[in-house]
Participant: 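Quick one: the structure is below, and I'll ask about it shortly.
Basis for what follows: all heavy atoms, side chains included, without hydrogens, waters or symmetry-related copies. Keep in mind the model is a prediction, meaning the values are calculated, not measured. So you know, we letter chains A, B, ... as the sequences are listed, proteins then strands, and number each from 1.
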Number of protein chains: 2
Amino acid sequence: MTKMKDKDAKALGKMFKALAHPNRLQLFVEILEQSEAAFEEGHDCFANAIMEKLNVGAPTISHHLKELVNADLISTERKGKFLTCQVNPDAMKRLGAFFAR
Amino acid sequence: MTKMKDKDAKALGKMFKALAHPNRLQLFVEILEQSEAAFEEGHDCFANAIMEKLNVGAPTISHHLKELVNADLISTERKGKFLTCQVNPDAMKRLGAFFAR
DNA sequence: CCAACACTTCGATACTTGTCGAACTATACG
DNA sequence: CGTATAGTTCGACAAGTATCGAAGTGTTGG
């Protein structure tokens, strides 16, 4: 039986909370898929492009991105005028481990 | 690149939403660990025992359990006066697969 | 049948949060 | 510079929901 530490539970909870909203989940999946495409095709994942896919305004996207970052699910980087998003591999590993029992 | 179907996203979203609340996550983890212990020691996971660990009333537990069931994360079974909880293995597999990219 | 126990349903309340418009900052480009 | 574009911050409002107490259902054991 794999016991869980309190700290882990809190971090996981934050992640689940971040993924709990449909728009934010879609946002995350979009970044996930774009990141995979980026790796193959050599371009970055631009927040700009994602916003067009979701049917919400810029302030909302900004808010959601901040929550994903805050949950350590992704990280963002300013590239001149634009913002690029990267999935945090550690988060994926951690979540994957949680469900692999 | 692993594309995702709309139906999958909706099911996953439900699961994340169910795990998003601290008490519900703790509830789920408790069931998870109890289930593992149950397998080894041959007893079931009783809702009754879990309620004593969380600091909330019976109505709240009932409500949360229903949401976990509704998200297909667990299933419950009446055993006489008591209620037993089992983790749904399919849900674990599905979630594990999502984060294993 | 009655009392005790485990859980559920209902209604109310308090808190959280997703969303937007408006105003702001930062960068690029003539 | 001045204008356009990308993103952020702020304040407000609507919608969702976690929680509880009270009352209800089902089951066990006397």
Participant: What residue pairs, at least two apart or across chains, pass salt bridge (charged side-chain N to carboxylate O under 4.0 Å, His left out) with a residue in residues 56-65 of chain A?
Facilitator: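 Not a single pair qualifies under salt bridge (charged side-chain N to carboxylate O under 4.0 Å, His left out).
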Participant: Taking any atom closer than 4.0 angstrom to a non-hydrogen atom of chain A, what span of DNA chain D does the protein reach, first nucleotide to last?
Facilitator: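 Both ends considered, the range comes out as D:dT5 to D:dT9.
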Participant: Please identify each residue that fulfils salt bridge (charged side-chain N to carboxylate O under 4.0 Å, His left out) with A:R94, with sequence neighbours left out.
Facilitator: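 If we apply the salt bridge (charged side-chain N to carboxylate O under 4.0 Å, His left out) test to A:R94, skipping adjacent residues, the hits are A:D8.
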Participant: If you define the side chain from C-beta out and look only at heavy atoms, does anything of A:N23 sit under 4.5 Å from A:V56?
Facilitator: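 Result yes, sub-4.5 Å side-chain heavy-atom pair found.
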Participant: What closest approach, in Å, do A:S35 and A:C85 show between heavy atoms, and which atom pair accounts for it?
Facilitator: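 A:S35 and A:C85 have their closest heavy atoms at OG-O, 4.1 Å.
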Participant: Strictly by salt bridge (charged side-chain N to carboxylate O under 4.0 Å, His left out), give each pair with a member in residues 52-71 of chain A just once, sequence neighbours left out.
Facilitator: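 For residues 52-71 of chain A, and leaving out neighbouring residues, the salt bridge (charged side-chain N to carboxylate O under 4.0 Å, His left out) pairs sorted by first residue read A:R24-A:E67, A:E30-A:K53.
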Participant: Which part of the nucleic acid, if any, lies within contact of B:H64, taking any heavy atom under 4.0 Å across all strands shown: a base, the sugar-phosphate backbone alone, or nothing?
Facilitator: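 The residue B:H64 makes sugar-phosphate contact but no base contact.
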Participant: For A:A58, does its backbone N or O pair with a side-chain atom of A:S62 as donor and acceptor, under 3.5 Å?
Facilitator: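 No, A:S62 side chain to A:A58 backbone: no donor-acceptor pair under 3.5 Å.
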Participant: For residues A:T84 and A:Q86, is any side-chain donor paired with an opposing acceptor at under 3.5 Å?
Facilitator: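 A:Q86 and A:T84 do have a side-chain donor-acceptor pair below 3.5 Å.
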Participant: Quick one: salt bridge (charged side-chain N to carboxylate O under 4.0 Å, His left out) pairs with a partner in residues 13-23 of chain A, sequence neighbours left out?
Facilitator: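 Applying salt bridge (charged side-chain N to carboxylate O under 4.0 Å, His left out) to every pair that reaches into residues 13-23 of chain A, excluding sequence neighbours, yields nothing.
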Participant: So which atom in B:C45 and which in B:I50 form the shortest heavy-atom distance, rounded to 0.1 Å?
Facilitator: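 Smallest interatomic distance, heavy atoms only, reads SG-CD1, 3.6 Å.
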Participant: Specify the residues of residues 51-59 of chain A, ordered by number, for which at least one heavy atom lies under 4.0 angstrom from an atom of DNA chain C.
Facilitator: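 Within residues 51-59 of chain A, the residues near DNA chain C are A:V56, A:G57, A:P59.
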Participant: Does anyone know the first and last nucleotide of DNA chain C in reach of chain B, 5' to 3', at under 4.0 angstrom to a heavy atom?
Facilitator: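 That gives a stretch of C:dC5 to C:dT9.
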Participant: Hey, can you pull the residues of residues 65-88 of chain A with a non-hydrogen atom under 4.0 angstrom from DNA chain C?
Facilitator: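 Correct list: A:E67, A:G80, A:K81.
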Participant: Mind checking what makes salt bridge (charged side-chain N to carboxylate O under 4.0 Å, His left out) contact with B:K79, not counting sequence neighbours?
Facilitator: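 Listed in chain order: B:D44.
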Participant: How large an angle, rounded to 10°, do the end axes of the helix from C:dC1-D:dG30 to C:dG30-D:dC1 enclose when each is built from five base pairs?
Facilitator: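 One end axis against the other gives 30°.
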Participant: Please round to the nearest 0.5 Å and tell me the distance separating atom CG of B:N48 and atom CG of B:L83.
Facilitator: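 So the CG of B:N48 and the CG of B:L83 are separated by 10.0 Å.
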Participant: Give the minimum heavy-atom separation between A:M92 and A:F28, together with the two atoms involved.
Facilitator: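 Reported closest heavy-atom pair: SD-CZ, 4.0 Å.
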Participant: Filter on ring-ring contact (aromatic ring centres under 6.0 Å, His included), then keep only pairs touching residues 64-87 of chain B, sequence neighbours left out; what's left?
Facilitator: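 Only B:H21-B:H64, B:F46-B:F82 qualify under ring-ring contact (aromatic ring centres under 6.0 Å, His included).
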Participant: Using the test ring pair (Phe, Tyr, Trp, His ring centres under 6.0 Å), find all partners of B:H63 that sit at least two apart in sequence or belong to another chain.
Facilitator: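 Not a single residue meets the ring pair (Phe, Tyr, Trp, His ring centres under 6.0 Å) criterion with B:H63.
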Participant: Which heavy atom in A:L25 sits nearest to a heavy atom in A:L19, and how many Å separate them?
Facilitator: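 Looking at all heavy atoms of both residues, the closest pair is CB-O, 3.7 Å.
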